[in-house]
Protein chains: 2
Amino acid sequence: MSAGEDRQEAFLTAAATLLGAEHVSLGDDVEDYLDAYALGDARKFLPAGAVRPAEVPEVQALVRLANEHAVALWPIGRGKNLGYGGPAPRLPGSVVIDLGRMNRVVTVDDETAYAIVEPGVSFFDLHEELQVRTSRLWASVPDLGWGSVVGNALERGYGYTAHGDHQQYVCGLEVVLPTGELIRTGMGALPGSEVWALYKGGFGPGFEGMFMQSNLGIVTKMGVWLMPRPERFSACRITIDSEAALPQLVDAMRELKLDGTIDGVVNAANAVGVAAGQSPRERWYAGSGVVPDDVVDTIAGDLGIGRWNVKCSLYGSEALLDVKLARLREVVGRIPGSRVVENRYDGDTAADDIPPGDHFAAGIPGMLLAGGVRWRANGPSGAHIGLCPLSPLTGEHVVAASRIMREHIEAAGFDYIGGWLGTARHAVNVLMIFFDAADPVESQKVATAFTELVVKLAEHGYGEYRAHIEFMDLVAAQFTYNDSSLLEFTRRLKGALDPNGILAPGKQGVWPSHAPTPVQGPAS
Amino acid sequence: MSAGEDRQEAFLTAAATLLGAEHVSLGDDVEDYLDAYALGDARKFLPAGAVRPAEVPEVQALVRLANEHAVALWPIGRGKNLGYGGPAPRLPGSVVIDLGRMNRVVTVDDETAYAIVEPGVSFFDLHEELQVRTSRLWASVPDLGWGSVVGNALERGYGYTAHGDHQQYVCGLEVVLPTGELIRTGMGALPGSEVWALYKGGFGPGFEGMFMQSNLGIVTKMGVWLMPRPERFSACRITIDSEAALPQLVDAMRELKLDGTIDGVVNAANAVGVAAGQSPRERWYAGSGVVPDDVVDTIAGDLGIGRWNVKCSLYGSEALLDVKLARLREVVGRIPGSRVVENRYDGDTAADDIPPGDHFAAGIPGMLLAGGVRWRANGPSGAHIGLCPLSPLTGEHVVAASRIMREHIEAAGFDYIGGWLGTARHAVNVLMIFFDAADPVESQKVATAFTELVVKLAEHGYGEYRAHIEFMDLVAAQFTYNDSSLLEFTRRLKGALDPNGILAPGKQGVWPSHAPTPVQGPAS
C-alpha cells in the first residue's frame, strides 16, 4: 500500500464515521464515478472513493479532513456533465465529493422571481418543485434535464428561454472555502438581507464569477433568477435551404437578439445534427466515410428541415408576439431559401399539451436529445465530446469557425455535426463528435483530431469556454496573453486560498503548487 | 520630516522622473484632490500627492515604485464620484493615481455593439466619440455626464437606458495587479480572440466582479456593451398623487420590468426630490424645519408633478412601443391617482431636438441635476451625500425602507429627499441629504444621522451597496454573516495579491494586514 493509499484510506474511514458508511463509496463502487464517455480507458481518471454529504457542516468537515490527510477532493452536483468528464476527477486518486444528497430547493419567491437551490437539485427537481408550489415561475433548462442546476450554471451552460445564458442569471452563492470556512457572497453577508439573490454585487468586490469553472471553493447554495410565466410564448424554427445563406442567417439572428425581438438563446444545428438527435446514422448512410452532400440533402428533405435549423423562443402578450413575429419574418424573409415556423401557446399550457420538440421554449426539462450518442454506436458505448470555440456572433466568424472544424473533422473521418448558440453578441460554435467509446482506435482518432483542432482554432482567435478533463491543460495552455498572466494569477489565488491544494487540482488547468502527491500523475 | 513623508517624497521624485514633473502634484496642488463634499474638514483625507500616468506601462511602473517605497496609491478615473469622496483617498497620505490622461476609446464595434474604454473616458467623451464615428450605438449614462465610464461601472453605478444597471454590461477587463503584473480577464487572455468584450466568462474562474469596488487591482481597460440605436424610443413619466399609492406603484414597476414592458432602469423621486433638482429650497419654504406636508402639495401642484415621480424608458418599433405603452397604461391605470405621460421620438433624433429632461432615455450625457446641491446652500459650499440601502423591489420593502429613512432624517432636521431605482428584482432606496459643507454644525448633524441610519437600516436587513470614504468601515461592519467571513475572505485575498498593502488601503473596509504606516491613522 502506497503512502497515497494510506492517506486516502484514513480519509475515507474518517468520512464514513462522519457520514455513515452508506454514504461513502470504496473499491468497485467507485466505478459509478467513471466517465461514461471517456476517450480510451476511463480508469485513467479513477477516483479513490466518493463521499456524499447531506449538509453544509458535513462539507466543511470533509474539506478539513481532506486538508488533514492531504487528499484531493473533486466536487460534483449530479455528475451529468457528460462530454466533459461526467463525475470523474481530473486528478486520479481524488475523492469525489458527491453533493447529490444536497438536493433541496431552499427558497422560491414568486414575487421577485428567484429560487435558491442546493447543488444536488436537478432541472427535473426544480421544475417539479415549481409545479408542486403552483409557482408562476419558469426555469431555463438545457437539452437534458437530469443535470444539476447549480453545476450547469457554474460551468456556464446554456438553456433556451429568455434566461438561457445561465451564468448571467446566477445571483448569490454560499461557498465552502478550501480551508473549510463558509462565506455568502454579496448581500448574503448582511444578516436579514432579502436581496442576496436579487442584487448582483454587494459592498466591495463581487465573487460569483470566481467560483465558476473554479477550484477555489465548493458552492453549497446558489440563487438563480427565474422568469415569470408569460401570457403567451412562441417556439420558432427558422431554416435555410443552403449553406450559402449561413452568414445572413447568423447576422439576422444577432440583429434580432440585439433589438430584443428574440428573447431566448438562439440554437442552431446543421441537418446532420438534427438527424443525429433522432435517428441512427445507418438510417441515412451505410458507407464508412463522411455522409456525402447528396445524402445531407436527402436527410433535409425527408425530415422537412433545412441545411441549418434555428430554434428560438419569444415571450409576451398576443399583441406583443404579433409585433415581434412580424419583425422576425421581415428580417428572416430577406434571406434566400429561408422559412419560419411558429408554434404559439398560452403560458399556462400543460406540458403534456406541448409537443416535446417545443418544450425548450417553456423550460420543461426532458431527455429528448439523449439519443444523439447512438449516431455511430447504436449501443451502450455510444459517446460524445463537444468542442465549443467562441466567436463574435457574425456571419463571417461563425462561417470561419465552422469551416475550420468541418474540414478538420471530416478529414479525420467523422461527420461534421455542427451548431451554434447565439446570445446577442457571442456565438458558441459547437462541434459535436459522436464516437464509439468501446473502440480504442476510434477514440484515439477523436483525441487526436480534438487536440489539433483546439490548437488550430486558437491560432484563429477562437478559444474554448469549457473542456473535457482530458483536455483541460491543453485548452488552458492556449490562453497565453502576457506570458499566461491570467493563469498565473489564478494559480496565485489557488495557493492563497487552498494552501494544501486539496480542492479539484487541475480543474480548468489550475494546478496547485503544493498539490497532494497524486496516486498517479496528471493523465494528459 | 517623518519617515512616512520621506517615503512619499522619494516616491513622488521617482514618479516625476518617470512621468515628467508636470504629471505629478505636490504641496498645495494636492488640494485639487480633496473631497468637495466632505463632512467637516476635507483635509482629514489629504493625499500626499498625485501622479498622472498616460500609458499602462507607466501604471505598472508606478505600482512597482509604490511597493518599493511602501507608499499607498488611490486610483481614480475622473474623480467625480461626488457624495462618495470624489477624488480623495480613504487613507490620508496616499498618493492619488489619477488615470484621467488615459482617456482613449480603444474600440467601438458597431456590429456586435460594444466599446473598450480607458478609465479616463467620461460619459461626455464616449458620447462624443460615438457621434464622431457616426456609430449606431448608444451608451447608458448616469445623471451627470462628467464621470468616468469605467469608474461608474466598477462602483456599480446606474443609468437609465436598457443598459442602465451598468455593472451588468461590463465585459472584459485589463488590470494592473498590486504587484505590477498585467492581466486580461476571460477570453482577453487568448491572443487574437475577438470575444474579450463579448463573452462574460472564459476558461476557468471569472474575475470581473472581483475588481469592482475593489482594491485588488487597477483597471486600465474595460469592455462595455452598448445598445444599438432603436427605431423609436419613449421617455415616460408616471406619477401618483398620494403617498398611499406608493406600494402599488412599486409593485407595478416590478411587474412591468419582469415582463419586459419597461426596458430601462426605473427612476423614482419624491416631490421634494424633483423640486431640489431644479430650484432652491427658499423658493418653496422659508422655515428652518422640515418642509411641511402642505408645502409639498404646493410644490407638486406648481411643478405639475406627483408625490412620487417615475421616469422610465422603452425602446423598439412604433408598433412595439404601441403595444408596450398599452400594457404600461393598463397596469399603471389600476393605481388610484396615477398619470402616465409619454414622449416618443425617432431613434435618430438630434440631441438638440430632445428636451433635456428626456435625455436620460437616449443616453445623452448632461449636467441637468447638478444644481440639486444648492437646495440648502445656494453657493459653492452646497454638498450632498447619498444613503442607498438595497431591498427587494416590492411595495412592502420600499415603503418600509423609505419610512425608516424619512422619520430619522426629518427628526435630524433635514428634508426627506427620497427616491428609488428599480431593476426587475431589487430596489436601490435613495436618501439624498443636501447640506452646507461650510457649516460644521450641519455637517456633524449629517454625519450623526447617517451613522445611525446605516445601523438601523442594517438591523432591518437593508444594506448599503456603496459608501462615502468616511463611512466605508461602518458599512462594511454591518456584513457580519458567519463572523464576517466574507470580509475576512476579501482580506485574505488582499494579503495574497497585495502583500505590501499599497493599493487603496481601506477601500470598502478592506484593510491590508501589512499596510504602509499611515501618515495619519484611519480617519473614522
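Proteins come first, then strands; the chains are lettered A, B, ... in the order of their sequence lines, and each starts at number 1.
For B:Leu177, the part lying near chain A is the side chain, with the backbone staying farther off; criterion is any non-hydrogen pair under 4.5 Å. Looking at B:Asp322, neither its backbone nor its side chain comes within 4.5 Å of chain A, counting heavy atoms on both sides. At a 4.5 Å heavy-atom cutoff, the contact between A:Tyr462 and chain B is made by backbone atoms alone. Residue A:Ala467 touches chain B through both its backbone and its side chain, counting heavy-atom pairs closer than 4.5 Å. Residue A:Leu154 does not touch chain B at all, counting heavy-atom pairs closer than 4.5 Å. Proximity to chain B (any heavy atom under 4.5 Å) is shown, for A:Leu457, by neither the backbone nor the side chain. Of the atoms belonging to A:Thr185, it is backbone heavy atoms, and not side-chain ones, that fall under 4.5 Å from chain B. Using a 4.5 Å cut-off between heavy atoms, A:Tyr315 makes no contact with chain B at all. Contacts between B:Leu493 and chain A at a heavy-atom distance below 4.5 Å involve the side chain alone, from C-beta outward. In this structure, the portion of A:Pro228 lying under 4.5 Å from any heavy atom of chain B is its side chain and not its backbone. Contacts between A:Leu320 and chain B at a heavy-atom distance below 4.5 Å involve backbone atoms as well as side-chain atoms. Neither the backbone nor the side chain of A:Asp263 comes within contact range of chain B; no heavy atom of the residue lies under 4.5 Å from a heavy atom of that chain.
For A:Glu396, the CD atom sits in a loose shell: 12 or fewer heavy atoms of surrounding residues, nucleotides or ligands are nearer than 6.0 Å.
By number of non-hydrogen pairs under 4.5 angstrom with chain B, the leading residue of A:Gly202, A:Gly192, A:Ser193 is A:Gly202. Looking only at heavy-atom pairs under 4.5 Å with chain A, the residue among B:Pro205, B:Gly316, B:Gly186 that has the most is B:Pro205. If you tally non-hydrogen atom pairs under 4.5 Å between each of B:His460, B:Lys324, B:Met227, B:Gln168 and chain A, the highest count goes to B:Gln168. Comparing B:Arg156, B:Glu194, B:Met212 by how many heavy-atom pairs each has under 4.5 Å with chain A, the most go to B:Arg156. For chain A, the option among B:Arg466, B:Glu464, B:Glu155, B:Arg254 with the highest count of heavy-atom pairs below 4.5 Å is B:Arg254. Taking chain B as the reference chain and counting heavy-atom pairs below 4.5 Å, the highest number among A:Ile183, A:Val323, A:Leu190 is found for A:Leu190. Among B:Met210, B:Glu459, B:Glu208, the residue making the largest number of heavy-atom pairs under 4.5 Å with chain A is B:Met210. Heavy-atom pairs under 4.5 Å with chain A peak, among B:Leu393, B:Val510, B:Thr480, at B:Thr480.
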Open item on the list: Please determine whether side-chain contact (heavy atoms from CB on, under 4.5 Å) holds for the pair B:Leu486 and A:Arg184, giving the CA-CA distance in whole Å, both sets of side-chain angles, and the decisive distance to 0.1 Å.
Closed with: CA-CA 7 Å; B:Leu486 181 62; A:Arg184 289 186 174 176; over 6 Å; no

- [ ] Please assess A:Glu231 against B:Asp259 for the test side-chain contact (heavy atoms from CB on, under 4.5 Å), listing each intermediate value before the final yes or no.
- [x] CA-CA 9 Å; A:Glu231 275 178 40; B:Asp259 76 7; over 6 Å; no

Task: Test side-chain contact (heavy atoms from CB on, under 4.5 Å) applied to B:Val175 and A:Phe489, step by step - done: CA-CA 11 Å; B:Val175 183; A:Phe489 171 72; over 6 Å; no

Task: CA sep, side-chain torsions, deciding dist, call: A:Thr423, B:Leu198, side-chain contact (heavy atoms from CB on, under 4.5 Å) - done: CA-CA 9 Å; A:Thr423 68; B:Leu198 297 179; over 6 Å; no

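Listed here is the closest heavy atom pair of A:Glu111 and B:Glu255: O-OE2, 4.0 Å. Minimum interatomic distance between A:Val195 and B:Pro392 (heavy atoms only, all atoms of both residues): CG1-N, 3.3 Å. Closest approach of A:Gln478 and B:Pro191 over heavy atoms only: O-CD, 3.6 Å. Contact between A:Ser317 and B:Arg327 at its shortest, heavy atoms only, is CB-NH2, 3.8 Å.
When atom types are taken as modelled, the side chain of B:Arg425 and the backbone of A:Ala113 share a donor-acceptor pair closer than 3.5 angstrom.
Atom CD of residue B:Glu174 and atom OH of residue A:Tyr481 lie 4.5 Å apart, to the nearest 0.5 angstrom.
In this view, A:Glu318 and A:Arg232, A:Arg344 satisfy the salt bridge (Lys or Arg N to Asp or Glu O under 4.0 Å) rule, not counting sequence neighbours.
Using modelled atom types and a 3.5 Å distance limit, the side chains of A:Lys200 and B:Gln167 yield no donor-acceptor pair.
Using a 4.5 Å cut-off on side-chain heavy atoms (C-beta onward), B:Thr112 and A:His397 make no contact. Between B:Glu181 and A:Glu488 there is no side-chain heavy-atom pair separated by less than 4.5 Å. For the pair A:Phe207/B:Thr490, a side-chain contact is recorded, criterion being any heavy-atom separation below 4.5 Å from C-beta on.
Residues in residues 168-195 of chain B take part in these ring-ring contact (aromatic ring centres under 6.0 Å, His included) pairs, two or more places apart or across chains: B:His163-B:Tyr169.
Between A:Phe203 and B:Phe479, the ring planes are parallel. Angles under 30° get that label, and only those over 60° would be called perpendicular.
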